[in-house]
Amino acid sequence: MMLCLDQISAGRGGGTVVHGLSLTVPAGTVHTVVGHNGAGKSTLLDTVAGLIRPGAGRILLGDRDLTRLPAHRRSRCGVGYVPQGARVFASLTVAEHLAIAHRRVPGGWTPARVLELLPRLAQRRGHRGAQLSGGERQMLAIGRALMTNPRMLILDEATEGLAPLVCIEIYRAIESLKASGLSILVIDKDLKALTRIADRHYVLEKGRVVWSGVSHELAANRDVQHRYLGV
């Protein structure tokens with residue numbers, strides 16, 4: 001299922017942060033949006049998820065036009081969103097989070113399948129959100145998004161501030177999801193991991209795409225890394 005953004009402009013509080021941005025994410029691929037803080041990355045993902053209405057342009061998922069749909073209807077169309085900060089309910093257990101989010105689809109995601117993908121959650125299934133580490137909360141946010149049976153998974157800052165071993169587990173899960181055919185759009189700062197698993201990268205500066213290319217091109221382009229990614 002292809003995601004297509006066509007000349008998207010969007011912002012917050014009446015200002016425009018993303019300017020005429022276009023990109024596509026073909027089915028079964030991982031694409032990244034990278035750049036300095038303030039480049040417009042999270043605004044773009046919030047716009048795709050339906051938390052911000054674009055001022056111009058179109059958002060398509062396959063042949064479905066999502067542009068004017070609210071967030072809950074985009075979710076039903078197949079957009080799964082993991083926002084920055086692993087927002088989980090402090091009083092609900094891991095099992096309860098998964099049960100509440102479960103949208104039953106023949107052959108789709110189930111709590112058991114999520115716990116198999118993220119075995120650390122299986123060990124914590126009776127723990128409440130407030131009892132989880134930051135990495136476990138992020139895993140739970142990913143698992144909860146999968147329970148909606150998305151066709152497009154969006155991850156904002158997939159591993160920000162997490163312990164290295166947890167980052168490895170999350171990227172291992174992303175690779176597994178890609179292998180299953182899920183389309184993924186991700187923001188993160190781990191350039192080494194991103195260039196290992198992603199198919200294409202979009203570098204943003206002031207809300208515009210200033211460079212795009214495949215992983216080996218980004219890995220070899222020291223100028224782009226230094227100028228736009230601070231590497």
Side-chain angles (χ1 to χ4, degrees), residues 1-3 25-33 42 45-46 48-51 61-62 64 66 69 71-89 92-129 132-160 162 166-188 190 193-194 197-199:
M1 178 65 64
M2 178 180 287
L3 174 71
V25 183
T29 65
V30 175
H31 285 215
T32 78
V33 177
S42 291
L45 266 58
D46 281 351
V48 177
L51 303 180
L61 186 61
R64 186 72 184 267
L66 307 182
L69 297 183
H72 70 278
R73 289 190 61 191
R74 294 191 196 194
S75 176
R76 291 173 187 166
C77 290
V79 176
Y81 188 31
V82 182
Q84 185 177 4
R87 303 167 195 171
V88 302
F89 296 105
L92 297 183
T93 66
V94 168
E96 288 168 341
H97 275 90
L98 299 181
I100 288 172
H102 191 190
R103 180 178 299 141
R104 289 169 174 79
V105 174
W109 285 92
T110 63
R113 188 178 169 194
V114 165
L115 296 178
E116 182 179 358
L117 176 72
L118 300 165
R120 189 182 294 243
L121 289 184
Q123 301 168 8
R124 302 288 191 270
R125 71 180 72 192
H127 287 59
R128 301 187 185 280
L132 303 177
S133 69
E136 290 163 353
R137 289 195 298 272
Q138 181 70 351
M139 291 179 187
L140 178 55
I142 293 171
R144 182 177 59 188
L146 292 173
M147 291 303 296
T148 67
N149 281 288
R151 292 179 286 182
M152 165 63 59
L153 182 65
I154 303 172
L155 302 166
D156 190 353
E157 297 293 358
T159 65
E160 183 181 36
L162 303 183
V166 174
C167 296
I168 290 171
E169 290 184 54
I170 288 176
Y171 271 107
R172 187 178 295 139
I174 292 173
E175 289 182 274
S176 179
L177 293 171
K178 176 185 177 181
S180 75
L182 187 63
S183 303
I184 302 171
L185 182 62
V186 59
I187 291 175
D188 205 16
D190 189 339
L194 292 176
I197 70 170
D199 298 280

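Residue numbers start at 1 and run along the sequence shown.
Scanning all heavy atoms of the two residues, the minimum distance from Ser183 to Ala27 falls at OG-CA, 3.1 Å. Counting all heavy atoms, side chain and backbone alike, Ala71 lies closest to Leu51 at CB-CD2, 4.0 Å.
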TODO: Could you walk me through whether Leu177 and Val30 pass side-chain contact (heavy atoms from CB on, under 4.5 Å), step by step?
DONE: CA-CA 10 Å; Leu177 293 171; Val30 175; over 6 Å; no

- [ ] Decide yes or no on side-chain contact (heavy atoms from CB on, under 4.5 Å) for Leu121 and Leu140, but give the supporting numbers first.
- [x] CA-CA 7 Å; Leu121 289 184; Leu140 178 55; 4.1 Å; yes

Open item on the list: Show, in sequence, the C-alpha distance, side-chain angles and deciding distance for Cys77 and Leu69, and conclude whether the side-chain contact (heavy atoms from CB on, under 4.5 Å) test is met.
Closed with: CA-CA 10 Å; Cys77 290; Leu69 297 183; 4.0 Å; yes

- [ ] For Leu146 and Leu182, run side-chain contact (heavy atoms from CB on, under 4.5 Å): C-alpha distance rounded to whole Å, both residues' side-chain angles, the deciding distance at 0.1 Å, then the answer.
- [x] CA-CA 10 Å; Leu146 292 173; Leu182 187 63; 4.1 Å; yes

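One distance of note links CD of Glu157 with OG1 of Thr159; it measures 8.0 Å at 0.5 Å rounding. Rounded to the nearest 0.5 Å, atoms OG1 (Thr29) and CE (Met2) are 8.0 Å apart. Taking CZ of Arg64 as the start and CZ of Arg76 as the end, the distance is 11.0 Å to the nearest 0.5 Å.
Side-chain contact between Leu132 and Val94 is present, with at least one heavy-atom pair separated by less than 4.5 Å. Contact of the Pro111 side chain with the Met147 side chain is registered, since non-hydrogen atoms from C-beta on lie closer than 4.5 Å. With contacts defined as side-chain heavy-atom distances shorter than 4.5 Å, the pair Leu115/Leu98 qualifies. Under the 4.5 Å side-chain criterion, counting only non-hydrogen atoms from C-beta, Val166 is in contact with Met139. Between Leu117 and Ser176, some side-chain heavy-atom pair lies under the 4.5 Å cut-off. For the pair Ile174/Leu153, no side-chain contact is recorded, criterion being any heavy-atom separation below 4.5 Å from C-beta on.
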Under 3.5 Å donor-acceptor pairs involving side-chain atoms of residues 81-89, not counting sequence neighbours:
{"unit_1": "Tyr81", "atom_1": "OH", "unit_2": "Asp46", "atom_2": "OD1", "d": "2.5"}
{"unit_1": "Gln84", "atom_1": "NE2", "unit_2": "Glu160", "atom_2": "OE1", "d": "2.9"}
{"unit_1": "Arg87", "atom_1": "NE", "unit_2": "Gln84", "atom_2": "O", "d": "3.3"}

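For residues 114-127, the pairs satisfying side-chain hydrogen bond (donor to acceptor under 3.5 Å, both in side chains) are Arg120-Glu169, Arg124-Glu136, with sequence neighbours left out. Listed by first then second residue, pairs satisfying side-chain hydrogen bond (donor to acceptor under 3.5 Å, both in side chains) with a partner in residues 101-115 read Ser75-Arg103, not counting sequence neighbours.
Remark: the backbone N or O of His31 is not paired with any side-chain donor or acceptor of Asp199 at under 3.5 angstrom. Judged by distance alone, with hydrogens and angles left aside, the side-chain atoms of Thr32 form no donor-acceptor pair with the main-chain N or O of Ile187 at under 3.5 Å.
Residue Ile154 is tested with Ile184, Val186, Leu45 for a side chain to side chain contact (heavy atoms under 4.5 Å, CB included); the sole match is Leu45.
Of the N and O atoms on the side chains of Asp188 and Tyr171, at least one donor lies less than 3.5 Å from an acceptor on the other residue.
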